[in-house]
Amino acid sequence: MSETPSTRQAALDYHEFPKPGKLEIRATKPLANGRDLSRAYSPGVAEACLEIKDDPATAARYTARGNLVAVVTNGTAVLGLGNIGALASKPVMEGKAVLFKKFAGIDCFDIELNESDPEKLADIVCALEPTFGAINLEDIKAPDCFTVERICRERMNIPVFHDDQHGTAIVVGAAATNALYVAGKAFEDIKIVSTGGGAAGIACLNMLLKLGVKRENVWLCDIHGLVYEGRTEDMNPAKAAFAQKSDLRTLDDVIDGADLFLGLSGPGVMTQDHVSKMAKRPIIFALANPTPEILPDLARAVAPDAIIATGRSDFPNQVNNVLCFPFIFRGALDVGATVINDEMQLACIDGIAALARATTSAEAAAAYQGEQMTFGADYLIPKPFDPRLVGIVSSAVAKAAMDSGVATRPIENLEAYKTKLDGSVFKSALLMRPVFDAARTVSRRIVFAEGEDERVLRAAQAMVEETTERPILIGRPEVIEARIARAGMTIKLGQDVDLVNPENDPRYRDYWGTYHEIMARKGVTPDLARAIMRTNTTAIGAVMVHRGEADSLICGTFGEFRWHLNYIEQVLGTKDLHPVGALSLMILEDGPLFITDPHVHTTPTPYDIAQIVIGAARHMRRFGIDPRIALCSQSQFGNQAGGTGVPMRAALEILDSEPRDFCYEGEMNIDAALDPELRDRLLPGGRMKGAANALVFANSDAASGVRNILKMKGGGLEVGPILMGMGNRAHIVSPSITARGLLNMSAIAGTPVTQYG
């Protein structure tokens, strides 16, 4: 794949700006005063040193070692660049470290060593054991890499993993597992022809043997032809293990009838003639980078039914080690594994392969828009940005380590561990857990007004798989079914989800009649009622809830909040049920923060503000959070006579008129709300202790502005908005909501109102 001057410069700029390189070191503890300094260094640091001296295992508690990996290379076999030396390899190793952090939250140092002697290199790596929890060997040429890994694994009591070998082998194993599934073949029956006798090629073949391939069915070729018994040219023990007793000598000689071609060699090694000689439904893994052994279109011209994988991202089925190494190290580190053994590698394969056969996640679909991601010949392995990888693969690896006896810190509750891993990528997972647990106690029917939206469909798929709720979709069946098929989802209308078709539904007369009955004295004629029940899906959903055919409505994936609110108030509003306010949970790096009211009231009255505070406290407890609510204003504890301080002070009087079982304080600036020390200087002895976890504003401009700044610039993830005051009968989401956000809202809507007041 050629590179233009502009793309080359873009890559260089990426590495240079805004600061050189792709890594930096950040402290995990505060160092703001003398007290912090005395704990971080002398004399307090001595206590941690003595603990580790007495019990070396406590290094995982008191230092970063338990989450620290070294990526070690001598730069002798870098990507497709060859022996470019240790220094020139540094950008690659920094990149590897970034991938560790991005995909699995693992801290990493890249270590480039000027040492070409494999035994001396191994000595250096072994000497690093006190610093790291695991070692990732990278880009060391064969056969030296075999020597280095063997010595390190023999002498070190932490995992040592040569990713070029085993990472490639694991992803190839997962892709081969699913390719054979698609082709209707079995490992024990297939003939494999492989080109490339290097570290990755040998490791892949060894892995395929562990998966059931028979050694006599493996034909290995390299630049000199077939590896056969008695050959002396360019041989080593790892390669000799696959020597065939045969008079055949070339790839052309041995390719006949092959079920799987495994290429880890170079461009153009495989020809169309070779493809034509393979078995029916051939599997071709042409993994040379950047140009594969044969381009997919050339292979398919000869064998249209071929199942093809490459090492490139611009073709389907990219065999990419990032599907493996972050997650196998995550599981190994978390149980304190002493090695990464066969059982852990096979568990990794099973997890990756199974995930590809499952429904594609909404997050992966968003990251790869326009790509077909339905399991089959063009989707054998998941995408690296599928956030479920860490939970599924790492927990499988951890279990395998424990089952095989190499874990020094076994995990008691694997399900809780997986939930924690999911929480590291799904920022809402841990906070939403009590809500999902409450929702599982009953089975509620949730109607989605915008049932044709792909985000809604993915949320419905997740509801079917993960909850007891019953989704109801409003939309045209042919559109919904086409989008379900295109996205590779498995839900079926009428079986997994219910449907309301606005264009043709037998309940149409009942629906418009109900709507007309509610609105007859508010200017709505029968003709208008009929038209609204044909075109307005929010009104249809509200009528369903009113009639008891659904328990809660979710709408708002497009359109303006108050437009939707108008129809919800019309149909579902009563003396006791009316919108109090909207509450948004913002999940930030340092924890949750609730914001209200960005949507319902433009300028709430003091009574409205008091009701918003009471509603916010009630809903916060659904998340297991003890409310500390700050009434925010430009005024600070009465220092301004006018402005927003006036309604806030009046709201405080209303709140103070009765006993409350939650903490609130005001009126104050936002910085005082979030900084307890500042607040104590301004109002010593105030009723609130600690930082506020909910901010209530005197107008929607302020609430909406803070909410959007936190979301767009602060990296906040929004759960909500939650419509308070409607008895959980309706919620209006934001058009920017994700499928995961809709799933969260379905859990909130699925909680019985009696469970939170």
Side-chain angles (χ1 to χ4, degrees), residues 360-367 369 426 428 432 445-464 467 469-477 479-484 486-487 489 491 493 497-503 532 535-545 550-569 571-572 579 582-586 598-600 704 707-708 711-712 716-723 726 728-750:
T360 305
S361 75
E363 290 78 10
Q369 289 185 12
F426 296 120
S428 62
M432 286 298 300
R445 300 157 299 171
I446 313 298
V447 58
F448 290 91
E450 296 91 24
E452 296 177 3
D453 191 306
E454 184 176 324
R455 294 168 294 173
V456 170
L457 296 177
R458 291 193 179 278
Q461 175 81 48
M463 288 171 65
V464 170
T467 75
E469 296 156 6
R470 179 78 175 184
I472 304 170
L473 306 176
I474 301 177
R476 296 162 293 177
V479 173
I480 292 174
E481 287 174 341
R483 290 178 180 173
I484 287 172
R486 184 182 65 195
M489 291 180 271
I491 51 173
L493 299 182
V497 300
D498 296 322
L499 177 74
V500 176
N501 180 5
E503 294 182 343
I532 288 173
T535 59
N536 189 321
T537 57
T538 296
I540 294 170
V543 166
M544 292 184 70
V545 174
D551 297 301
S552 191
L553 162 68
I554 295 177
C555 59
T557 60
F558 62 83
E560 197 272 328
F561 188 96
R562 287 184 177 83
W563 182 90
H564 294 280
L565 184 62
N566 175 52
Y567 291 99
I568 289 170
E569 285 189 282
V571 178
L572 298 177
L583 177 69
S584 289
L585 164 57
M586 306 304 298
H599 292 295
V600 174
S704 180
R707 163 183 164 268
N708 285 323
K711 186 162 61 173
M712 301 307 295
L717 175 69
E718 181 180 21
V719 175
I722 300 166
L723 184 58
M726 292 301 298
N728 212 22
R729 305 185 81 195
H731 294 285
I732 307 167
V733 301
S734 301
S736 60
I737 197 167
T738 64
R740 176 64 49 174
L742 285 164
L743 176 63
N744 288 336
M745 287 306 301
S746 76
I748 290 170

Check your understanding: What's the verdict on side chain to side chain contact (heavy atoms under 4.5 Å, CB included) for Arg483 and Glu454, showing C-alpha distance, side-chain angles and the deciding distance?
Key -> CA-CA 7 Å; Arg483 290 178 180 173; Glu454 184 176 324; 5.6 Å; no
Practice item. To the nearest 0.5 Å, tell me how far Thr537 OG1 sits from Tyr567 OH. Key: 10.5 Å
Check your understanding: Quick check: does any side chain N or O of Asn728 sit under 3.5 Å from a backbone N or O of Ser552, one acting as donor and the other as acceptor?
Key -> no
Check your understanding: With a 4.5 Å heavy-atom cut-off, do Ile732 and His599 have their side chains touching?
Key -> no
Check your understanding: What distance do Leu583 atom CG and Arg707 atom CZ have between them, rounded to the nearest 0.5 Å?
Key -> 11.5 Å
Check your understanding: Has the side chain of His564 got a donor or acceptor atom that lies under 3.5 Å from a matching backbone atom of Phe558?
Key -> yes
Check your understanding: Side-chain contact, heavy-atom cut-off 4.5 Å: Cys555 with Ile568?
Key -> yes
Point to revise | Derivation of the side chain to side chain contact (heavy atoms under 4.5 Å, CB included) call for Leu473 and Leu493 | key: CA-CA 9 Å; Leu473 306 176; Leu493 299 182; 4.3 Å; yes
Exercise for review: List the steps and the verdict of side chain to side chain contact (heavy atoms under 4.5 Å, CB included) for Asn744 and Leu585.
Suggested key: CA-CA 11 Å; Asn744 288 336; Leu585 164 57; over 6 Å; no
Review point. Just by distance, do the side chain of Thr738 and the backbone of Gly741 share a donor-acceptor pair under 3.5 Å?
Key: yes
Check your understanding: Looking only at heavy atoms, which two atoms of Pro471 and Met463 are closest? And how far apart?
Key -> CG-CE, 3.9 Å
Study note, to complete from the structure: Shortest non-hydrogen pair, Met745 vs Val733, comes out as CG-CG1, 3.8 Å
Exercise for review: Evaluate the side-chain proximity of Val719 to Ile748: yes if any heavy-atom separation is below 4.5 Å, no if none is.
Suggested key: yes
Check your understanding: If you take all heavy atoms of Glu469 and Gly750, which pair is closest and at what distance?
Key -> OE2-CA, 3.5 Å
Exercise for review: Please report the shortest heavy-atom distance between Ile472 and Ala550, naming the atom on each side.
Suggested key: CD1-CB, 4.0 Å
Exercise for review: Without swapping roles, check the side chain of Arg455 against the backbone of Thr557 for a donor-acceptor pair under 3.5 Å.
Suggested key: yes
Review point. So, for Ala749 and Ile554, which heavy atoms are closest and what is the spacing to 0.1 Å?
Key: CB-CD1, 4.3 Å
Check your understanding: Name the one of Glu452, Glu450, Glu481 that satisfies salt bridge (charged side-chain N to carboxylate O under 4.0 Å, His left out) with Arg476?
Key -> Glu452
**Study point:** Under 3.5 Å donor-acceptor, His731 side chain and Ile722 backbone
**Key:** no
Point to revise | Nearest atoms (heavy-atom pairs only) where Leu572 meets Ala730 | key: CD1-CB, 4.1 Å
Check your understanding: Can you tell me how far NZ of Lys711 sits from OG of Ser736, rounded to the nearest 0.5 angstrom?
Key -> 3.5 Å
Check your understanding: Which distance, rounded to the nearest 0.5 Å, do you find between the CG of Asn566 and the CG of Asn536?
Key -> 9.0 Å
Practice item. State whether the side chain of Arg729 and the backbone N or O of Leu553 hold a donor-acceptor pair below 3.5 Å, judged by distance alone. Key: no
Study note, to complete from the structure: Rounding to 0.5 Å, atoms CZ (Phe561) and CG (Leu723) come to a distance of 5.5 Å
Review point. When rounded to the nearest 0.5 angstrom, what is the spacing between OG1 in Thr538 and CD1 in Ile532?
Key: 11.5 Å
